[in-house]
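I have placed the structure first, in the form of structure tokens, so that the comments after it can refer back to it.
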Amino acid sequence: MSRFSRKYYQHDAQTLARALLGQVLVRVLADGTRLAGRIIETEAYLGVEDKAAHSFGGRHTPRNAAMWGPAGHAYVYFIYGMHYCVNVVSATPGDPAAVLLRALEPLEGLDTMRRHRAGRIAASRLRDRDLCSGPAKLAQALAIDRALDHADLVMGRELFIERGVQVPPQDIVATPRIGIGYAQEWAQKPLRFVVG
DNA sequence: ATGACGATTTACT
DNA sequence: GTAAATCGTCATA
């Protein structure tokens, strides 16, 4: 299965957010188990100008350090005291932009994903489509946590992206981003991308 | 040292 | 639709 080169990730976040739709996020567990899902929802966080981005105003802290690093690495952060979210770092060093992965269509390892998710919810009530239907859900299903912050998606063995089927522009719906009402005028911008 | 808050999910009325 | 869960992070002091 083919992966993308570093160069693939070195575009602005909005371009990368669209390009990632249809590609396949792969997680390989320590025991070799492969978990995979087709990326179907993303959001672009543009950098120092973007009031919704963790890097807004040039904020450079231990938590968001990965956003400032090279493209093609993961930025994983902990939020609301209980959830992890996964980003793909875009652009280049010095331009702290990233793409939040918001939902996957589960492809491989559904049983294991269900087990990971069942810690908080009755397994029998979990439908396939609900395994990865949110940024924290997909992180939990794929067992992605702080340890994978900074993971290299180009060279790494635990977390990477494989080439899927590119979603044509006319099949992509752009909407405002979720959960960033505090970001004023940036809250309205159509930087969330969903496969239509 | 302290306090306010969050790129969410889930359960419940 | 509303609210609770739950704590690391960061700005302020």
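Just so it is clear, the values below take in all heavy atoms, side chains as well, and ignore hydrogens, waters and symmetry mates. Chain A is the first sequence line, chain B the second, and so forth, proteins listed ahead of strands; every chain is numbered from 1. Owing to the predicted nature of the structure, the values given are computational and were not obtained by experimental measurement.
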Task: Neighbours of DNA chain B within residues 174-183 of chain A, by heavy-atom distance under 4.0 Å - done: Ile178(A), Gly179(A), Ile180(A), Tyr182(A)

- [ ] Give, ordered by number, those residues of residues 187-196 of chain A having at least one heavy-atom distance below 4.0 Å to an atom of DNA chain B; if nothing qualifies, reply none.
- [x] none

TODO: Check whether the side chain of Tyr77(A) and the base of dA7(B) form a donor-acceptor pair under 3.5 Å.
DONE: yes

Could you tell me the separation between the [atom1] atom of [X] and the [atom2] atom of [N], rounded to a whole number of Å?
X	N	atom1	atom2	answer
Met82(A)	dA4(C)	CE	P	12 Å
Phe56(A)	dG6(B)	CZ	C1'	16 Å
His83(A)	dT8(B)	NE2	P	9 Å
Arg102(A)	dT9(B)	CZ	P	7 Å
Leu100(A)	dA7(B)	CG	P	10 Å
Ile79(A)	dT9(B)	CD1	P	11 Å
Asn87(A)	dT8(B)	CG	P	11 Å
Ile144(A)	dA7(B)	CD1	C1'	15 Å

Open item on the list: For the backbone of Ala44(A) and the side chain of Arg177(A), can you confirm whether one donor and one acceptor N or O come within less than 3.5 Å of each other?
Closed with: yes

TODO: Can you establish whether the number of heavy atoms outside Glu49(A) located under 6.0 Å from its atom CD is more than 12?
DONE: no

Any side-chain heavy-atom pair of [X] and [Y] under 4.5 Å:
X	Y	answer
Leu100(A)	Tyr77(A)	yes
Leu159(A)	Leu153(A)	yes
His116(A)	Leu35(A)	yes
His54(A)	Arg59(A)	no
Arg27(A)	Leu148(A)	yes
Arg6(A)	His73(A)	yes
Phe4(A)	Ile161(A)	yes
Tyr75(A)	Asp149(A)	yes

- [ ] Return yes if a side-chain donor-acceptor contact under 3.5 Å exists between Thr15(A) and Asp12(A), otherwise no.
- [x] yes

TODO: Drop me the distance from Leu20(A)'s CG to Thr42(A)'s OG1, to the nearest 0.5 angstrom.
DONE: 6.5 Å

Closest heavy-atom pair and its distance - [X], [Y]:
X	Y	value
Ser90(A)	Ala98(A)	OG-N, 3.8 Å
Ala19(A)	Gln166(A)	O-OE1, 3.7 Å
Glu162(A)	Phe160(A)	OE2-CE1, 3.5 Å
Phe193(A)	Ala17(A)	CD1-CB, 3.6 Å
Arg146(A)	Val76(A)	N-CG1, 4.3 Å

Task: Sidechain N-carboxylate O distance under 4.0 Å for Glu41(A), Lys137(A) - done: no

TODO: For DNA chain C, find the residues of residues 45-54 of chain A with a heavy-atom distance under 4.0 Å and give them by number; none if there aren't any.
DONE: none

Heteroatom pairs (N/O) under 3.5 angstrom, protein to nucleotides 1-3 of chain C:
none

- [ ] For DNA chain C, produce a single dot-bracket line, 5' to 3'. Pairs: Watson-Crick or G-U wobble, both distances under 3.5 Å. Symbols: ( ) within strand, [ ] crossing, | other strand, . unpaired.
- [x] |||||.||||||.

Any N/O pairs under 3.5 Å between the protein and nucleotides 9-13 of chain C? List them or say none.
| from | atom 1 | to | atom 2 | distance (Å) |
| --- | --- | --- | --- | --- |
| dT9(C) | OP1 | Arg146(A) | NH1 | 3.1 |
| dC10(C) | OP1 | Thr61(A) | OG1 | 2.1 |

Open item on the list: Tell me which one of Leu25(A), Thr112(A), Val86(A) satisfies side-chain contact (heavy atoms from CB on, under 4.5 Å) with Leu142(A).
Closed with: Leu25(A)

